[in-house]
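Down below is the structure, laid out as structure tokens.
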Amino acid sequence: AQTVTQSQPEMSVQEAETVTLSCTYDTSESDYYLFWYKQPPSRQMILVIRQEAYKQQNATENRFSVNFQKAAKSFSLKISDSQLGDAAMYFCAYRFYNAGNMLTFGGGTRLMVKP
Amino acid sequence: DVKVTQSSRYLVKRTGEKVFLECVQDMDHENMFWYRQDPGLGLRLIYFSYDVKMKEKGDIPEGYSVSREKKERFSLILESASTNQTSMYLCASSSHLRVSGNTIYFGEGSWLTVV
């Protein structure tokens, strides 16, 4: 079975600074997707960024980027120029290509942004 | 925009009551999911459905059942609610098509308290 581990239950960052959230996963598959989801206090889960395992290039979405290390099974999220609106729960998730879109989630990291 | 609507945001039910959580999506998605979210455990898949009248057990199906009579609607049923089912329940949907990583869209969540 696949597992996803987020080792940091809480993180804090100063506004305008950079923060990195860690995620490791365990799988024997070679074709899969990895995701970071954001869940603000309103509770609506929002997709932040997505990475296909077959792509060597790290995904980037504006201030959000990932460091995907396939051999190490590591998928960290870097948030640059942190903003107050970035404060939320962040979930790392894994999906095997043929898994019918089922996601396996990590336990989440609560990010606090200090003004 | 894709919309996944959960009919109840907050519910309080008594132990032993039958509980229905309703979810509707407006994007003609084939796949629908019910997740349970608990602190430190992330999201865990209860059931999913890949077509009308089709359902598959997820990681924690015990104590739950589901119904998918129409493509847009996926209901989660607690036949006899228990206090350990107090949680946040999230509905989600996605397309079958392998486009853009088959993004999964979430509803806003339903807080269920069983007393």
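A, B, ... follow the sequence lines: proteins, then strands. Residue 1 opens every chain.
- Both A:Val19 and A:Val66 sit in one connected hydrophobic cluster of ILVMFWY residues. Membership requires side-chain heavy atoms under 4.5 Å apart, directly or through other members.
- For B:Glu56, no part lies under 4.5 angstrom from a heavy atom of chain A.
- Counting heavy atoms of neighbouring residues, nucleotides and ligands inside a 6.0 Å radius, atom NZ of B:Lys71 exceeds 12 of them.
- In this structure, B:Tyr105 OH and A:Leu47 CG are separated by 8.0 Å, a value rounded to the nearest 0.5 Å.
- Connection of B:Tyr35 to B:Tyr50 is established within a shared hydrophobic cluster, with ILVMFWY side chains joined at heavy-atom distances below 4.5 Å, either directly or through further cluster members.
- Annotation: B:Asn84, atom CG; neighbour count of heavy atoms from other residues, nucleotides and ligands within 6.0 Å is above 12.
- Cluster membership check: B:Val114 shares its hydrophobic cluster with B:Ile46, using side-chain heavy-atom separations under 4.5 Å among Ile, Leu, Val, Met, Phe, Trp and Tyr.
- Between B:Ile104 and A:Tyr37, the shortest heavy-atom distance links the atoms O-OH, 3.1 Å.
- With a 4.5 Å cut-off on non-hydrogen atoms, B:Leu41 touches chain A through its backbone but not through its side chain.
- Interface residue B:Arg9: only side-chain heavy atoms are found under 4.5 Å from chain A.
- In this structure, B:Tyr47 is a member of the same hydrophobic cluster as B:Tyr89, with clusters built from ILVMFWY side-chain heavy atoms closer than 4.5 Å.
- Heavy-atom distances place the side chain of A:Gln39, and not its backbone, under 4.5 Å from chain B.
- Between chain A and the residues B:Gly58, B:Gly107, B:Pro39, the largest count of heavy-atom pairs under 4.5 Å involves B:Gly107.
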